[in-house]
Amino acid sequence: MKPLDILLKSLRTYTLTGTPELNITEILFDSRAVSAQPDGSTQLYVAQRGTQTDGHKYIASAIKQGCRAVVCEELPETLADGVCYIKVADSSVALGMLADAFYGHPSRKLKLVGITGTNGKTTTVTLLHRLFMNAGHPTGLISTIVNKIGNEEVPTNHTTPDAVELNRLLAKMVEEGCEYCFMEVSSHALCQHRVTGLRFAGALFSNITHDHLDFHKTFANYIAAKKSFFDKLPKSAFALTNIDDKNGRVMVQNCKAAIHTYSLRTAADFRGVVMENAFTGLHLRVNGHEVYFKLCGKFNAYNLLAIYGAAVLLGMDEMEALTLMSGLDSAAGRFQMMRTDEGATAIVDYAHTPDALENVLKTIRDIVGKDAEVLTVVGCGGDRDALKRPEMAEIACKYSSKVILTSDNPRTEDPQAILDDMLKGVPAAKSKQVVVIENRREAIKTACMMLQPKGVLLVAGKGHENYQEINHVKHHFDDTEEIKNCLNIQ
């Protein structure tokens with residue numbers, strides 16, 4: 001419980017109507033969760049303007065259910081007696097600041113490091129978490145796959161939780177003695193101010209390619225969303241950027257934090273050279289040290305450089321970091337390999353953008369050669385950026401011997417309409433290499449039947465997900481389970 005007048009000190013500007021002499025038991029932005037509180041205290045309802053609805057419509061309902069403190073951008077026409085209204089310019093910004101204050105500014109009590117970019121976020125934060133845990137540091141994790149407090153798993157619904165849940169989670173980490181927290185920071189979260197109010201000790205940039213244009217509308221807006229993360233870093237933080245990406249330096253323009261770089265191509269603070277790339281792992285030279293890693297692929301070489309750079313910038317000894325990193329396995333659903341008794345290889349990967357799919361298929365081709373058999377099963381999600389659908393199919397055809405186009409998470413779209421969009425990207429010369437099987441289970445089963453000894457099967461798009469979303473319903477579906485069942489892999 002926190003006094004409202006104390007919480008309001010976290011806001012830069014606001015207009016007050018009514019008395020702030022109230023004790024707040026909880027901060028809410030869903031009016032349905034509001035209820036009358038004991039001892040004259042109250043919940044604080046924040047009316048946000050969201051993508052689906054406007055929380056201002058539910059102010060009266062929240063008050064009727066017992067709320068006596070409301071944050072809003074626009075006052076209701078009729079003001080209720082005994083209710084304190086706090087008018088702000090942006091309710092989402094206010095929510096972040098208030099949540100941070102309500103939970104005692106938890107991000108200031110540990111070293112919080114965020115990573116943003118199109119690809120590589122989950123692998124990077126997951127392995128950073130494992131690295132620091134293995135080094136004996138209690139560490140938190142906030143990722144697409146799972147949230148963790150030390151080794152305790154906490155369920156997740158978004159890449160980045162809402163501001164209230166995020167601060168609650170960080171406060172729990174502090175309570176449990178965590179020294180660090182590594183988190184994915186999505187462009188959606190940045191635009192929706194879910195990380196507003198947090199203090200970051202460091203920020204990483206992986207790369208940026210066309211994605212989420214259904215939300216951002218233009219690539220320029222997408223870049224601006226990512227860049228805003230670095231623009232707001234304090235001087236005490238570090239910014240680590242991939243300068244091999246053409247927008248790597250753009251991200252840190254006008255950044256107040258200490259800027260550091262990593263690269264596979266040119267001089268950088270953290271420089272890597274790929275010596276050997278195989279399914280068994282990578283042989284890299286990192287800042288002059290030759291190290292073998294269990295991860296494979298050039299894209300993972302970048303992830304490893306980011307991990308190494310962040311660890312060193314956080315004070316870990318260079319050799320300790322490299323030694324511990326050499327024992328790390330990949331995150332679930334990220335280039336996850338399975339082998340058959342006959343010598344075939346099946347790979348499950350979350351690649352759901354053109355760039356990610358090309359990275360994975362290039363890695364496979366680099367390892368097995370241009371003449372080896374590579375089968376690819378891939379689809380595209382519904383209710384998402386449709387522009388990438390033909391590009392995904394074109395890339396699959398470019399690097400694969402045979403391609404099966406199938407359903408991913410169609411959500412509310414017609415699966416066949418999504419596949420029709422993908423087919424537009426199939427080159428005429430490659431049309432005989434492509435099969436369309438809408439049912440994902442049947443598509444994987446067919447691919448497994450086609451797979452020859454020493455061949456490679458890539459099932460892309462869903463990775464760690466254990467469901468398929470169709471018309472708002474999530475049905476259990478796991479690519480890894482399907483492959484193991486079809487190929488009799490234990």
Working note: L204 + Y262, criterion side chain to side chain contact (heavy atoms under 4.5 Å, CB included); need CA distance, chi angles, decisive distance, verdict. CA-CA 10 Å; L204 281 62; Y262 65 98; 5.8 Å; no
Between E184 and T144, is a side-chain hydrogen bond (donor to acceptor under 3.5 Å, both in side chains) present by the stated rule, with each step listed? CA-CA 7 Å; E184 295 183 50; T144 303; 2.9 Å; yes
Under the side chain to side chain contact (heavy atoms under 4.5 Å, CB included) rule, what do M316 and L314 come out as? Steps first, then yes or no, please. CA-CA 6 Å; M316 188 177 290; L314 287 168; over 6 Å; no
Please report the C-alpha distance between Y399 and T376 in whole Å, then the side-chain angles of each, then the deciding distance to 0.1 Å, and finally whether the side chain to side chain contact (heavy atoms under 4.5 Å, CB included) criterion is met. CA-CA 9 Å; Y399 295 98; T376 298; over 6 Å; no
Evaluate the criterion side-chain hydrogen bond (donor to acceptor under 3.5 Å, both in side chains) for residue pair N119 and T353; output intermediate values, then yes/no. CA-CA 8 Å; N119 303 310; T353 66; 3.2 Å; yes
When you look at T412 and D383, which way does the side-chain hydrogen bond (donor to acceptor under 3.5 Å, both in side chains) test go after all the steps? CA-CA 7 Å; T412 64; D383 302 333; 2.7 Å; yes
Steps toward side chain to side chain contact (heavy atoms under 4.5 Å, CB included) verdict (V456, L375): CA-CA 6 Å; V456 179; L375 307 178; over 6 Å; no
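Using bins of under 30°, 30° to 60° and over 60° for the plane-to-plane angle, the ring pair H260/F270 lands in the tilted bin.
Closest approach of Q468 and D408 over heavy atoms only: NE2-O, 2.7 Å. A pairwise comparison of heavy atoms in T122 and T126 identifies O-OG1, 2.7 Å as the closest pair. Here the closest non-hydrogen pair linking A268 and I243 is CB-CD1, 4.1 Å. Nearest heavy-atom pair, L169 versus I149, reported as atom, atom and distance to 0.1 Å: CD1-CD1, 3.9 Å. Shown here for I483 and A346, the closest heavy-atom pair between the two residues is CG2-CB, 3.7 Å. For the residue pair L170 and I142, the shortest heavy atom distance occurs at CD2-CD1, 4.3 Å.
With respect to E413 and R389, a salt bridge is recorded, a charged nitrogen being found less than 4.0 Å from a carboxylate O. Between D231 and K227 there is a salt bridge, since at least one side-chain N of the basic residue sits less than 4.0 Å from a carboxylate O of the acidic one. A salt bridge links D329 with K294: at least one charged nitrogen is closer than 4.0 Å to a carboxylate oxygen. Ion pair R441/E482 flagged as a salt bridge, since at least one NZ, NE, NH1 or NH2 atom sits closer than 4.0 Å to an Asp/Glu carboxylate oxygen.
To the nearest 0.5 angstrom, T261 atom OG1 is 9.5 Å from N242 atom CG. Taking CG from D414 and CG from D420, the interatomic distance works out to 8.0 Å, rounded to the nearest 0.5 Å. The line from CG of L328 to CG of N134 is 6.5 Å long, rounded to the nearest 0.5 Å. The distance from atom CD1 of I367 to atom NZ of K362, rounded to the nearest 0.5 Å, is 14.0 Å. Taking OG1 of T280 as the reference point, atom CG of L295 lies at 11.5 Å (rounded to 0.5 Å). Here the NZ atom belonging to K111 is positioned 14.5 Å from the SG atom belonging to C178, to the nearest 0.5 angstrom.
Judged purely by distance below 3.5 Å, without hydrogens or angles, the side chains of E481 and N485 never pair a donor atom with an acceptor atom. Side-chain contact of R440 with T406: a donor-acceptor pair under 3.5 Å is absent, judged by distance alone. Side-chain atoms of E73 and H56 include no donor-acceptor pair closer than 3.5 Å. Counted by atom type alone, N409 and E465 present one or more donor-acceptor pairs between their side chains at under 3.5 Å. Judged by distance alone, the side chains of Y308 and E318 do bring a donor and an acceptor atom under 3.5 Å apart.
In this structure, the side chain of E358 does not engage the main chain of I395 through any donor-acceptor pair within 3.5 Å. Of the possible polar contacts, one joining the S107 side chain to the R199 backbone as a donor-acceptor pair under 3.5 Å is found. Under a 3.5 Å cut-off, the side chain of S263 and the backbone N or O of A267 do not form any donor-acceptor pair. S400 contributes no side-chain N or O that, together with a main-chain N or O of C397, makes up a donor-acceptor pair within less than 3.5 Å. Of the possible polar contacts, none joining the E373 side chain to the S401 backbone as a donor-acceptor pair under 3.5 Å is found. Judged by distance alone, the side chain of S91 and the main-chain N or O of A47 form a donor-acceptor pair under 3.5 Å. A donor-acceptor pair is defined here as one N or O able to donate and one able to accept, closer than 3.5 Å; no such pair exists between the side chain of E394 and the backbone of E391. The backbone N or O of T123 sits nowhere less than 3.5 Å from a side-chain atom of N303 that would complete a donor-acceptor pair. Using a distance-only test at 3.5 Å, with no hydrogens or angles considered, a donor-acceptor pair links the side chain of N439 to the main chain of E442. Checked by atom type and distance alone, the side chain of D355 never pairs as donor or acceptor with a backbone atom of N207 at under 3.5 Å.
Within the structure, the ring pair (Phe, Tyr, Trp, His ring centres under 6.0 Å) test picks out the following pairs touching residues 461-484 (sequence neighbours left out): Y350-H464.
Two residues are said to be in side-chain contact when any heavy atoms from C-beta on lie closer than 4.5 Å; V291 and L284 fail this criterion. V374 has its side chain within reach of R365: a pair of non-hydrogen atoms, C-beta onward, lies under 4.5 Å apart. Annotation: side chain of T363 is in contact with side chain of F299 (closest heavy-atom distance under 4.5 Å). Residues M338 and T480 meet the side-chain proximity criterion, which asks for heavy atoms closer than 4.5 Å. The shortest distance between side-chain heavy atoms of V403 and Q433 does not fall below 4.5 Å. I347 places a side-chain heavy atom less than 4.5 Å from the side chain of T345. Counting heavy atoms from C-beta outward, V360 and F335 have side chains that approach closer than 4.5 Å. By the 4.5 Å heavy-atom criterion applied to side chains, M183 and L112 are counted as neighbours.
Taking the centre of each ring, H129 and F182 stay at or above the 6.0 Å mark. The aromatic ring centroids of F229 and F200 lie less than 6.0 Å from each other.
In R49, the CZ atom is crowded: over 12 heavy atoms of neighbouring residues, nucleotides or ligands sit closer than 6.0 Å.
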